[in-house]
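Numbers here simply count residues along the sequence, with the first being 1. Ligands are counted one by one from 1 in listed order, and the atoms in each one are counted from 1 as well. None of these values were measured; they are calculated from a predicted model.
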Amino acid sequence: MEIAAIKPSELRGILQYVPRFRDRTFVIALDGAVVEAGRLRALLTDVAVLRSLNIKVVIVHGAAAQIRRLAAAEGRTVSNADGSGPADEPTLELAVRAANQVAHEILSGLSAQGLRAAVPNALHARPIGIVKGVDYRRAGRVERADGALLHSLLDHQIIPVLPPLGFDGEGRVLRLNSDAVAVAVSRVLSAVKIVYVTPYDGLRAGQTLLRHIPAEELEKLLEADARLLLPEEARPKACCAVEACKAGVPRVHIINGLLEEALLAEVFSPEGIGTLICTADYEKIRPAARADAPAIYRLIRPAMGKEELMRRTRAEIERQIEDFFVMEADRRPIACVAFHPYPELRLGEVACLCVHPAHENQGVAGRLLRHVERLARECGFTRLIALSTQAYAYFEEKAGFREGRLTDLPEERKERYLRAARRSKILVKDL
Ligand SMILES: CC(C)(COP(=O)(O)OP(=O)(O)OC[C@H]1O[C@@H](n2cnc3c(N)ncnc32)[C@H](O)[C@@H]1OP(=O)(O)O)[C@@H](O)C(=O)NCCC(=O)NCCS
């Protein structure tokens, strides 16, 4: 990263992550295809930045692309390349060569960065065996990752590099799936992140890139119809991400390692560049505090500029802060809404609903509206109103509001409405 290119405000943004991640462990799972595409040097430079911030790093890697390349060059066929299917003897032999080659490249690249690294024998495996009548031969699953060994390397500032291979109790080598290795290792090390570095942008539902999705929702999506998740090759990673979150890893990222500074852009920006799968605590709606006023102002400023939202000054937001709720992702406000109560009329006004563009179309506004609606019901209110110039269709089509009339507004609100002359549509929802 070029220091000259960083604005002081961006630097402040980056620095806020530093205390949180210091001495914590990240598991970086490198897809063999990213190494094959010549991106290793750049990614290891990003790893060096993480290390310089005292973040402990474990590198897990795959080798499917290299296995396919070796097989093609030697005119051989493989029973399965990515470690998720059966591994016959010739496939295992190719996998060992391919994995050694990738591990060697990683060690060499880390050396060039002045970083110490080692390939430990830390994965105890057992054969998958026969599943639904299919003999998986030399394909295995991780029985145990050696936490003590990995911890001792990390404590000595040594980066463990783990190929997708393990030994069983008899010393036989087995082919493992690197996505699953990342989960096993993260578990035993209580890692705070897995970053799957892949050759695609992240998970998509149809055309929409999922910027962040709670693990429970991803699990439901996988159960309902896994085919909706794209690209197809990302589905096993999606399953691993759900498993990792359930096992206590708070965040799993799927990013495109072909992009410049992908790793840093994902870790050190609130929007990230790929897909973030997280445990429930990642995203929460909470009442705004006075200290949130500047962040709310920054959030709504672009929408005010486009006349989507009524103009409010920072001071006005501060004065009304008790009515505001913010949705946080990774402890940074990504959306807000205000709920102005009129208890005598048993009515509440929804206002200033705004979602950061990086988080649009992921149901965030829907969740905020449901939150406000629940609150209104708890207060015994019977009606919600909203005013909107450009998002009235959203309220009508997505949130169950209907077009109302001027007489639906409380007297005092009516006066302000007429004075503002924005000609917003009046929207009503009976609870
Ligand atoms: C309008 C807004 C709040 C929607 O937030 P969001 O989190 O993206 O909304 P959701 O994810 O809950 O819903 C997305 C759906 O609403 C639709 N949608 C979004 N904005 C819309 C609009 N202005 N009109 C009609 N539909 C809209 C999307 O196309 C999407 O449809 P789909 O589910 O069929 O794909 C957001 O775009 C925003 O902050 N806009 C600027 C501020 C604003 O206008 N606020 C409302 C005035 S109070």
Side-chain angles (χ1 to χ4, degrees), residues 203-214 217-218 220-221 224-225 228-230 270-272 275-276 278 282-285 288 292 295-312 316-317 320 323-330 332-342 347-376 383-404 408-409 413 416-417 420-429:
L203 286 178
R204 281 182 289 120
Q207 290 303 312
T208 310
L209 177 67
L210 298 170
R211 302 306 297 264
H212 78 262
I213 179 163
E217 277 184 37
L218 182 57
K220 277 189 213 139
L221 226 110
D225 189 355
L228 293 174
L229 272 183
L230 296 170
E271 307 89 49
T275 298
L276 172 57
C278 51
Y282 169 82
E283 186 184 277
K284 79 169 185 224
I285 299 173
D292 292 313
I296 293 176
Y297 182 75
R298 275 198 301 278
L299 186 69
I300 66 175
R301 194 168 43 191
M304 292 194 297
K306 288 188 259 170
E307 303 248 318
E308 288 170 325
L309 290 179
M310 191 184 87
R311 293 215 164 261
R312 287 173 175 80
E316 279 167 338
I317 296 170
Q320 295 188 328
D323 287 356
F324 273 86
F325 292 87
V326 289
M327 181 181 282
E328 282 187 331
D330 233 3
R332 309 195 81 188
I334 57 152
C336 65
V337 68
F339 175 67
H340 305 303
Y342 295 85
L347 175 149
E349 179 186 352
V350 178
C352 206
L353 176 66
C354 190
V355 178
H356 187 288
H359 296 266
E360 274 181 340
N361 293 322
Q362 325 248 331
V364 169
R367 293 203 277 286
L368 274 171
L369 283 177
R370 281 194 294 279
H371 182 83
V372 164
E373 193 174 316
R374 208 175 314 123
L375 193 75
R383 186 173 264 199
L384 288 179
I385 55 165
L387 299 172
S388 179
T389 50
Q390 291 168 48
Y392 55 84
Y394 174 81
F395 283 94
E396 286 173 337
E397 289 160 24
K398 305 288 174 189
F401 283 71
R402 62 176 165 81
E403 190 167 350
D408 289 316
L409 298 182
R413 186 68 186 91
R416 271 192 292 130
Y417 173 85
R422 292 181 80 230
R423 302 189 56 216
S424 315
K425 271 208 183 189
I426 297 166
L427 297 141
V428 174
K429 182 170 184 175

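- The residue from Leu368, Ile285, Val326, Asp323 that alone fulfils the side chain to side chain contact (heavy atoms under 4.5 Å, CB included) condition with Val337 is Leu368.
- Protein heavy atoms are absent from the space less than 4.0 angstrom from atom 35 (O) of ligand 1.
- In terms of the ring pair (Phe, Tyr, Trp, His ring centres under 6.0 Å) criterion, Tyr417 has no residue partners (sequence neighbours excluded).
- Between the side chain of Gln320 and the main chain of Ala338, no donor-acceptor pair closer than 3.5 Å is present.
- Only side-chain heavy atoms of Lys398 come within less than 4.0 Å of ligand 1; its backbone N, CA, C and O stay farther off.
- Of all non-hydrogen atoms in Ser424 and Leu387, the two that sit nearest each other are CB-CB, 4.0 Å.
- In this structure, Ala386 does not count as a contact residue of ligand 1, since none of its heavy atoms falls inside 4.0 Å of the ligand.
- Shown here are the salt bridge (charged side-chain N to carboxylate O under 4.0 Å, His left out) partners of Arg413, two or more places apart in sequence or in another chain: Glu349.
- Contact atoms of ligand 1 toward Val364: 7 (O), 11 (O) (distance under 4.0 Å to a heavy atom of the residue).
- The shortest N or O to N or O distance between Ala351 and ligand 1 is not below 3.5 Å.
- With a heavy-atom cut-off of 4.0 Å, Leu309 touches ligand 1 through its side chain alone.
- Residue contacts with ligand 1 for Gln390 involve N, CA, C or O but no side-chain atom from C-beta outward (heavy atoms, distance under 4.0 Å).
- Residue contact check: Ala393 has heavy atoms under 4.0 Å from atoms 24 (N), 25 (C) of ligand 1.
- Between Ala303 and ligand 1, no N or O atom pair is found at a separation short of 3.5 Å.
- Tyr394 and Ala365 get closest at one heavy-atom pair: OH-CB, 3.3 Å.
- Looking at ligand 1, you'll find an N or O of Val355 within less than 3.5 Å of one of its N or O atoms.
- Some N or O of Asn361 is nearer than 3.5 Å to an N or O of ligand 1, by distance alone.
- Note: no N/O pair closer than 3.5 Å links Phe395 and ligand 1 by distance alone.
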